[in-house]
There are 2 protein chains.
Amino acid sequence: MESDLKIEAPARLRDVVLERLRGAIVAGRFASGERLIERNLCDLLGVSRSVVREVIRILEAEGLVEEGTRGPMVARLDWGQARQIYDIRVMLEAHAARECAGRADDMVRADVRAALAGIGGEGALDATARFYEVIFKAAGHDIAWEIVQRLNGRISRLRALTLASSDRKVSGLVRMTRIAEAVIAGDGAGAEAAVRAHLTEAAAIARRILEA
Amino acid sequence: MESDLKIEAPARLRDVVLERLRGAIVAGRFASGERLIERNLCDLLGVSRSVVREVIRILEAEGLVEEGTRGPMVARLDWGQARQIYDIRVMLEAHAARECAGRADDMVRADVRAALAGIGGEGALDATARFYEVIFKAAGHDIAWEIVQRLNGRISRLRALTLASSDRKVSGLVRMTRIAEAVIAGDGAGAEAAVRAHLTEAAAIARRILEA
DNA sequence: TCGCCAAGTTTGGTATACCATAAGACGGAA
DNA sequence: TTCCGTCTTATGGTATACCAAACTTGGCGA
């Protein structure tokens with residue numbers, strides 16, 4: 001699809017550190033509310049404070065880090081926030097799914113099928129993101145996709161806490177299949193309903209985790 | 001309302017510079033697509049590169065600045081993006097207005113009236129933001145409010161380009177009054193419709209500007 | 001006159017140094 | 001023993017120094 005001739009920009013240290021630190025937070029390697037001491041992170045990551053500070057600013061804007069009284073700390077997440085995030089995701093994703101179903105051509109259908117095929121195996125998180133990306137991009141909702149990605153970062157930490165992940169994965173695949181079928185069939189209302197059902201279930205799981 | 005005893009944290013240089021630079025971009029003092037040379041900004045603002053760089057990272061996350069081939073530049077804005085932004089705002093603001101109207105108590109009603117009163121005079125932009133803030137906070141949609149603020153920053157630059165601003169201000173006040181009346185009356189559907197009408201008009205103006 | 005190469009300059013990336021402040025620890029006096 | 005003061009240290013804020021890459025420009029040769 002996209003050409004492989006693109007010259008990839010040399011990876012900046014900042015990007016590497018950003019990805020690493022974001023991953024560590026999402027994976028739960030830092031406790032919620034834990035202070036992020038700049039110099040500690042420098043030692044941990046082997047980079048200078050300039051880089052760490054810029055990365056922290058970005059993560060702050062993403063909502064993964066918040067500034068405490070004395071410095072940055074890992075953002076806390078309660079059910080009130082998660083609920084709001086799921087509400088917003090419902091609006092954005094339902095809208096995107098409906099429009100995507102309405103305008104899907106054969107190429108989009110193929111992309112959806114391919115993305116869905118990737119979900120079953122390992123790396124489910126990335127594959128799921130890819131599935132949604134196809135839908136948002138096909139609907140022409142790039143900006144909404146940016147927002148959803150950012151919101152997702154804030155609640156992805158919950159996944160690390162989910163112990164009974166096997167049944168979730170299965171039901172997740174079922175839900176995704178429903179969404180994909182509706183999109184491929186051009187059934188906008190059905191796609192929207194499938195998205196709502198999926199997110200309602202996900203929110204219920206998040207609620208159980210967060211209110212415990 | 002809020003106590004005045006709060007010790008305000010000493011203003012960090014970073015915050016001052018952030019506000020200043022954001023204001024300059026929104027006010028149109030930098031051309032769309034203009035490169036933001038770090039050292040130039042240092043001279044202009046009288047601060048060191050550390051501060052400028054952190055601020056640029058924040059503005060990048062806000063969507064006001066994007067990274068060009070060689071460094072950061074003021075983000076370009078076309079109708080395709082603005083249209084998406086208005087679409088998202090419609091969803092978030094309509095939802096907030098509906099919920100706010102549904103749960104508004106006397107205190108919220110008073111806040112809405114007070115915010116509306118501020119719109120007529122000078123500083124209309126801040127007052128309008130304050131109006132919306134009341135509605136979002138009353139609806140319990142803090143996160144949606146953050147998103148809307150950020151999206152607003154990206155399209156506020158259009159205001160600087162609006163020459164015929166007087167009629168817009170008047171019609172804006174009328175629209176706001178409609179929204180406020182519906183919220184105060186507890187009419188969720190009416191509040192939602194008023195928000196939709198307001199944003200549809202605003203989007204039409206933006207389209208005229210951007211497609212010229 | 002045209003083209004190519006090289007040196008200089010611009011620019012962003014990265015690291016380090018310095019400073020002010022606040023928290024914590026330790027000791028002395030009541 | 002407790003309370004107060006001071007000293008140390010940890011920490012974030014800010015500025016500066018250094019480097020590598022890339023663009024520009026000017027000169028030299030064909």
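Naming convention: chains lettered A, B, ... in sequence-line order (proteins, then strands); numbering from 1 in each chain.
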Can you spot which of B:L21, B:I58, B:L36, B:V74 makes a side-chain contact (heavy atoms from CB on, under 4.5 Å) with B:V65?
-> B:L36
Whole-Å distance, B:D43 CG to D:dT16 P, equals 11 Å
Mark up nucleotides 10-15 of chain C, 5' to 3', with B wherever a protein heavy atom is under 4.0 angstrom from a base atom, S wherever such an atom reaches only the sugar-phosphate, and - elsewhere.
-> -BBBBB
Is there a donor-acceptor pair closer than 3.5 Å between any side-chain N or O of A:Q84 and the backbone N or O of B:D142?
-> yes
Can you find a pair of side-chain heavy atoms, one from B:I179 and one from B:F131, that are under 4.5 Å apart?
-> yes
May I have the list of side-chain donor-acceptor pairs in residues 42-49 of chain B shorter than 3.5 Å, sequence neighbours left out?
unit_1: B:R49; atom_1: NE; unit_2: B:E38; atom_2: OE1; d: 3.0
unit_1: B:R49; atom_1: NH2; unit_2: B:E38; atom_2: OE1; d: 2.7

Hey, are A:R154 and B:E146 close enough for a salt bridge, meaning a charged N less than 4.0 Å from a carboxylate O?
-> yes
B:L45 atom CG is separated from D:dG13 atom P, nearest whole Å, by 18 Å
